[in-house]
Protein chains: 2
Amino acid sequence: MPVARTGARVSEELRSRGVRLTAQRRLVVDLLERATRHLDAEAVYRLAHHKDPSIHRATVYRTLNTLKKHGLVDELDLMHVRGTRHYYEVRPSVLHIHLICTACGKVQEPAGRFWEGLKRRVRSQTGFRPEVVRLEMGGVCVDCQDRPPRPPGVRP
Amino acid sequence: MPVARTGARVSEELRSRGVRLTAQRRLVVDLLERATRHLDAEAVYRLAHHKDPSIHRATVYRTLNTLKKHGLVDELDLMHVRGTRHYYEVRPSVLHIHLICTACGKVQEPAGRFWEGLKRRVRSQTGFRPEVVRLEMGGVCVDCQDRPPRPPGVRP
DNA sequence: CTAACTGCAAACCTTTTGCATTGAC
DNA sequence: GTCAATGCAAAAGGTTTGCAGTTAG
């Protein structure tokens, strides 16, 4: 979702791992690659269903799980600021973190070498071999720090 | 759950915020403070119900939400290694991270100054004011790196 | 005394699963 | 042709909610 992504990377990765490339999977992968915001399973389903009304919710869930299992997408929950659902993003080549504003719901994704270093640090300090990293922080974004606190309930 | 915790801290904090200190809340807080492993809502309920059979699941959920809202407990999902549920821990004074082994399910919690620095770094680099930090990594713990990969399904 | 909290039961929402059928390789 | 993947419908979690009765402050 954040940095630009090389088009067919995911599909090729799947193919090379012997996962069958069905029309439905292609569609889901395509949607995730083009997404400009974080999509939960239902959102993926709605978008997919719009393009191919025959696709079933269960297929979307199964596909997301497949992609996750193969490390091609990461699952987030954005600190549950928007509820219990899970969000998905194609795993980027450079690690980034998620800052979720509890006031306006905005999600920022600063990327950088520093976060990359976390993995190495854990490995050398504990021996643990990290494969998936999830760093999320809830708090107040710059804009909302200026804004007077708005009454809870109404959110953009 | 990780570092030792000052007994009445949470209760006092609640009291000072004008949240009514009912027997049920005291019980839940007490259980969380004494916990030696990560508890999900159902586990909290079972333990609570054992001590006070009249307590209701809904009350446990409501209490956990109250505590979370006031920043007294943190919610984790431990990378969903054990399913979709959420785990709760009393917010420790010193930030720690969670390393979840995808092979054996073990959770490690290295604490330290370094992780504390993440908050400051985000703040100074982006202006975002972090309140809750969640850093979880899925991967393989030292023990399981030596062990031959065991057939999936059977877990300790 | 009164607003806040609880127990209860039902609803809700998200995700998973068994089965017959379809389709990728 | 074969085995994996899909659509479908039903179930399984996990969590929330409206309401009437209870209780902390």
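Proteins get letters first, then strands, A, B, ... in listed order; numbering begins at 1 in each. What you see is a predicted model, and the numbers here were worked out from it, not measured in a lab.
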*Asks:* Are A:Arg123 and A:Arg121 packed together at the side-chain level, in the sense that at least one heavy-atom pair is separated by less than 4.5 angstrom?
*Replies:* no
*Asks:* Between D:dC3, C:dC5, D:dG7, which one does the side chain of A:Ser54 approach most closely?
*Replies:* D:dG7
*Asks:* Could you check whether A:Thr84 gets within reach of a base, just the sugar-phosphate, or nothing at all, counting any heavy atom under 4.0 Å?
*Replies:* nothing
*Asks:* Can you check whether A:Thr22 has a side-chain N or O nearer than 4.0 Å to OP1 or OP2 of D:dT6?
*Replies:* yes
*Asks:* Whether B:Gln24 contacts D:dT23 is assessed here as follows: a side-chain N or O lying under 4.0 Å from the phosphate OP1 or OP2. Is that the case?
*Replies:* no
*Asks:* In this structure, how many angstroms lie between the P atom of D:dA5 and the CZ atom of A:Arg26, rounded?
*Replies:* 14 Å
*Asks:* Can you tell me how far the CG atom of B:Leu67 sits from the CD atom of B:Glu13, to the nearest 0.5 Å?
*Replies:* 11.0 Å
*Asks:* With distance as the sole test, does A:Thr102 use its side chain to make a donor-acceptor pair with the main-chain N or O of A:Gly139 at under 3.5 Å?
*Replies:* yes
*Asks:* Given atom CZ of A:Arg85 and atom C1' of C:dT16, what is their separation to the nearest angstrom?
*Replies:* 18 Å
*Asks:* Report for the helix from C:dC1-D:dG25 to C:dC25-D:dG1: angle between first-end and last-end helix axes, five pairs each, rounded to 10 degrees.
*Replies:* 50°
*Asks:* Taking the minimum atom-to-atom distance to the side chain of B:Ala58, which one of D:dT15, D:dT17, D:dT6 wins?
*Replies:* D:dT17
*Asks:* What integer distance in Å separates B:Arg17:CZ from C:dC5:P?
*Replies:* 14 Å
*Asks:* Please give, in whole Å, the distance from D:dG13 C1' to B:Arg46 CZ?
*Replies:* 14 Å
*Asks:* Calculate the interatomic distance between A:Tyr45 atom OH and D:dT6 atom C1'; express it in whole Å.
*Replies:* 13 Å
*Asks:* Among C:dG7, C:dC25, D:dA24, which nucleotide sits nearest the side chain of B:Arg20?
*Replies:* D:dA24
*Asks:* For the side chain of B:Ile55, counting heavy atoms from C-beta on, which of D:dT6, C:dC5, C:dG7 is nearest?
*Replies:* C:dG7
*Asks:* Give one of base, sugar-phosphate or nothing for A:Ala41, where a contact means two heavy atoms less than 4.0 Å apart.
*Replies:* sugar-phosphate
*Asks:* If I take atom CG in residue A:Asp52 and atom P in nucleotide C:dG23, what distance separates them, rounded to the nearest angstrom?
*Replies:* 12 Å
*Asks:* Where along residues 61-75 of chain B does a heavy atom come under 4.0 Å from DNA chain C, residue by residue in number order?
*Replies:* B:Arg62
*Asks:* Please give the remaining members of the hydrophobic cluster of B:Val142, linking ILVMFWY side chains under 4.5 Å, ordered by chain and number.
*Replies:* none
*Asks:* Between B:Arg25 and A:Arg15, which residue's closest nucleotide on DNA chain C lies nearer the 5′ terminus?
*Replies:* B:Arg25
*Asks:* So how far is it from B:Arg147 CZ to B:Cys104 SG, rounded to the nearest 0.5 Å?
*Replies:* 6.0 Å
*Asks:* Rounded to whole angstrom units, what separation is found between the CZ atom of A:Arg57 and the C1' atom of D:dA11?
*Replies:* 15 Å
*Asks:* Among the candidates D:dA5, D:dA9, C:dT6, find the nucleotide nearest to the side-chain atoms of A:His56.
*Replies:* D:dA9
*Asks:* Provide, to the nearest angstrom, the distance between the CG atom belonging to B:Asp77 and the P atom belonging to D:dG14.
*Replies:* 13 Å
*Asks:* Ignoring hydrogens, what is the shortest heavy-atom contact between B:Gln125 and A:Trp115? Give both atom names and the distance.
*Replies:* OE1-CZ2, 4.2 Å
*Asks:* Mind checking A:Glu42 for me? I need base, sugar-phosphate or nothing, with any heavy atom below 4.0 Å counting as a touch.
*Replies:* nothing
*Asks:* So, A:Glu109 and A:His98: side-chain donor and acceptor under 3.5 Å apart, yes or no?
*Replies:* yes
*Asks:* For the residue pair B:Tyr88 / B:Glu75, report whether a side-chain donor-acceptor contact shorter than 3.5 Å exists.
*Replies:* yes
*Asks:* Using a distance-only test with no angle check, is there a side-chain donor-acceptor pair under 3.5 angstrom linking A:His96 and A:Glu89?
*Replies:* yes
*Asks:* So does B:His86 get a side-chain nitrogen or oxygen closer than 4.0 Å to the phosphate oxygens (OP1/OP2) of D:dG14?
*Replies:* no
*Asks:* Going by atom types only, do B:His86 and A:His80 share a side-chain donor-acceptor pair under 3.5 Å?
*Replies:* yes
